[in-house]
*Asks:* 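Below is the structure I would like to discuss, written out as structure tokens.
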Amino acid sequence: MASISRTHTKAGKTTFQVRWRPAGTRDSKARAKTFPTLAAAKKFAATLELQPGKGSEGRMTFAQYREQWLASQFAQTEATGSGQRGLSPSTVAAYRLASAHLLPTLGDMKLGDITNADCRNAIQHVARCKSPATVRLTRACARKMFGDLVARGTYQTNPMPTSAEFRTSGPQRQKLKCPTPDQVMAMAQQATNMPDRALVLIAASTGARRSELAGLRWCDLDLGEQPHMHIRRTVTLQYDAEGKPYVAVQNVGKTDSSLRAFPLSEPEAAILRSLHDEMVAAARRNRADWSPNAYVWPRAFTAQHEPQNPKSMTRRLARMRDAAGISPDVSPMHGLRHASATQMLGRVPTAILAKRLGHSSPAITMSIYTHPDETHMAAAADAAGAAWGQALAGLLGGAHTGQQKGQTRTQTRTPAAEPGGNVVPLRKANGS
């Protein structure tokens, strides 16, 4: 990191000295250069901070370093295990896809030649043809890739712009739109079979994650007199070292609070009982194996012990949303989780709601997952009236009393009369 200090010559003239140490080389001796103005010194220091060292990594192209970096991230994930420290396999796979968007602009460039301006141009190129979410993921991936080079001394500072630096020209994050209760019912009515209809209603009422519903088995459900749902595993789409996807079943959740149990309402239990009877009947018709270890939403009626791709759930719900005439901006799967939190807002304590949803902190529930509407705002107005109604009524009564007294005083004031019977108008308060 370069530093700038103010110095003085023997003649008393003020100068500015830039001091730095070369990065990526064995020579650790400090360097210094003097400039007559502060602007010139800052400009030179900026070029030092953005230029990497000329070591072996500096001669490597960005495309070569990308493959090396992704392989190391995948190896680290395999060593630590998903759900533990480090990146999850799905995150590494997402980084592989996102970093590929930088290859047209940075792929053939050597790391020693890439500057902050090159990185800005690369991100702006991605922004012209990709969605805002893809742009954010691409920039975050590149920041991490170059950040590892900074840690090894190849770069003085990270050349990829931060989110704050790119916010003025980059796209902004849009808030997720969740369906209303009427829209949820409209989606359920468009379902062509009982499993899809139950998926919409159970996802909206319980607020369970897609990966949790995909990993739900019948042995995880207690549909007796006191029905309960136990979240014991998740099913996610992951990728191998070559980037090929596969469905993985894991006995871990997204957070430590994800593995949980919570009671079900009688309507929820009734829907699941009906689904249970239909799935058992379907297994008998198809002469397929069935046991309590079968998945509630399996890959197929004939393969009820095999989990389905979680993205298949989202695609089916998206088709139901489109068939119901609902706006494409409404999230069909994860939006049901937000809708569940919104409908329970104000009806249960925040801590209980966060525990039911499997959040690590109630702050996440309130800041991200709740979408207050006009109904909630009207309820807040009613609550304010109930809490402050008496005080407001008393204050309003005092205002009426004061107004009546003021009117009485005004009526008693009469214009003064001059000698001879001429009336003199009263002067206004401003003297006019």
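Values below: every heavy atom of this structure, side chains too, minus hydrogens, waters and symmetry copies.
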*Asks:* Whether the side chain of T180 engages the backbone of Q183 through a donor-acceptor N/O pair (distance < 3.5 Å, no angle test) should be reported.
*Replies:* yes

*Asks:* Run the side-chain contact (heavy atoms from CB on, under 4.5 Å) test on D113 and K110 for me, step by step, so that the C-alpha distance in whole Å, both residues' side-chain angles and the decisive distance to 0.1 Å come before the verdict.
*Replies:* CA-CA 5 Å; D113 298 331; K110 294 183 179 180; 3.8 Å; yes

*Asks:* Taking the side chain as every heavy atom from C-beta outward, state whether P263 and Q226 have any pair of such atoms under 4.5 Å apart.
*Replies:* no

*Asks:* Verify, without hydrogens or angle tests, whether R96 (side chain) and L70 (backbone) share a donor-acceptor contact under 3.5 angstrom.
*Replies:* no

*Asks:* With sequence neighbours left out, which residue pairs that include part of residues 267-283 fulfil the salt bridge (Lys or Arg N to Asp or Glu O under 4.0 Å) condition?
*Replies:* E266-R273, E268-R356

*Asks:* Taking the side chain as everything from C-beta on, heavy atoms only, tell me whether R209 gets closer than 4.5 Å to T234.
*Replies:* no

*Asks:* With rounding to the nearest 0.5 Å, note down the distance linking CG in L264 to CG in L272.
*Replies:* 6.5 Å

*Asks:* Does any non-hydrogen side-chain atom of M187 lie less than 4.5 Å from one of Q189?
*Replies:* no

*Asks:* With a 4.5 Å limit on heavy-atom distance, are the side chains of L102 and I123 in contact?
*Replies:* yes

*Asks:* If you round to the nearest 0.5 Å, how far is CE of M160 from CG of L149?
*Replies:* 11.5 Å

*Asks:* Distance-only, no hydrogens or angles: does the R128 side chain make a donor-acceptor pair with backbone N or O of V126 under 3.5 Å?
*Replies:* no

*Asks:* Short question: side chain of D220, backbone of L216 - any donor-acceptor pair under 3.5 Å?
*Replies:* no

*Asks:* Which residues pass the ring pair (Phe, Tyr, Trp, His ring centres under 6.0 Å) test with F35, not counting sequence neighbours?
*Replies:* F44

*Asks:* Does a side-chain heavy-atom distance below 4.5 Å link V247 with L237?
*Replies:* yes

*Asks:* Ignoring hydrogens and geometry, is there a side-chain-to-backbone donor-acceptor pair from W297 to P195 under 3.5 Å?
*Replies:* yes

*Asks:* Would a distance-only check, ignoring hydrogens and angles, find a side-chain to backbone donor-acceptor pair under 3.5 Å from S331 to K177?
*Replies:* no

*Asks:* Could you check whether any side-chain heavy atom of T61 comes within less than 4.5 Å of a side-chain heavy atom of L111, counting everything from C-beta outward?
*Replies:* no

*Asks:* Among side-chain atoms of N293 and W218, is any donor-acceptor pair under 3.5 angstrom?
*Replies:* no

*Asks:* State, without any angle test, whether T314 and R210 hold a side-chain donor-acceptor pair at a distance under 3.5 Å.
*Replies:* yes

*Asks:* Start with the C-alpha distance between L106 and R66, add both sets of side-chain angles, then the distance that settles side-chain contact (heavy atoms from CB on, under 4.5 Å), and finish with yes or no.
*Replies:* CA-CA 10 Å; L106 300 179; R66 170 180 173 269; over 6 Å; no

*Asks:* Please determine whether the number of non-hydrogen atoms from other residues, nucleotides or ligands lying under 6.0 Å from atom CG of N286 exceeds 12.
*Replies:* yes

*Asks:* Walk me through it: do K33 and Q17 pass the test side-chain contact (heavy atoms from CB on, under 4.5 Å)?
*Replies:* CA-CA 6 Å; K33 191 171 184 179; Q17 187 181 71; over 6 Å; no

*Asks:* Just to verify, what does H338 make a ring pair (Phe, Tyr, Trp, His ring centres under 6.0 Å) with, not counting sequence neighbours?
*Replies:* H334, Y369, H371

*Asks:* May I ask you to decide if Q308's main-chain N or O and S312's side chain share a donor-acceptor pair within less than 3.5 Å?
*Replies:* no

*Asks:* Distance-only, no hydrogens or angles: does the R347 side chain make a donor-acceptor pair with backbone N or O of Q343 under 3.5 Å?
*Replies:* yes

*Asks:* So which pairs with a foot in residues 186-198 pass salt bridge (Lys or Arg N to Asp or Glu O under 4.0 Å), sequence neighbours left out?
*Replies:* D196-R316

*Asks:* Find out whether F62 and F146 are in side-chain contact, i.e. whether some heavy atom of one side chain is under 4.5 Å from a heavy atom of the other.
*Replies:* yes

*Asks:* Less than 4.5 Å apart, side chain to side chain, heavy atoms only: is that true for S72 and Q68?
*Replies:* no

*Asks:* Show your working on side-chain contact (heavy atoms from CB on, under 4.5 Å) between H359 and L353 and close with a plain yes or no.
*Replies:* CA-CA 9 Å; H359 287 156; L353 177 57; over 6 Å; no

*Asks:* Okay, side chain of S367, backbone of A363: is any donor-acceptor separation there less than 3.5 Å?
*Replies:* yes

*Asks:* What pairs of residues pass the salt bridge (Lys or Arg N to Asp or Glu O under 4.0 Å) test when at least one of them lies in residues 302-315, not counting sequence neighbours?
*Replies:* R299-E306

*Asks:* Under a 3.5 Å cutoff, is there a donor and acceptor pairing between the side chains of H101 and T138?
*Replies:* no

*Asks:* Just jot down the ring pair (Phe, Tyr, Trp, His ring centres under 6.0 Å) partners of H305, sequence neighbours excluded, or say none.
*Replies:* none

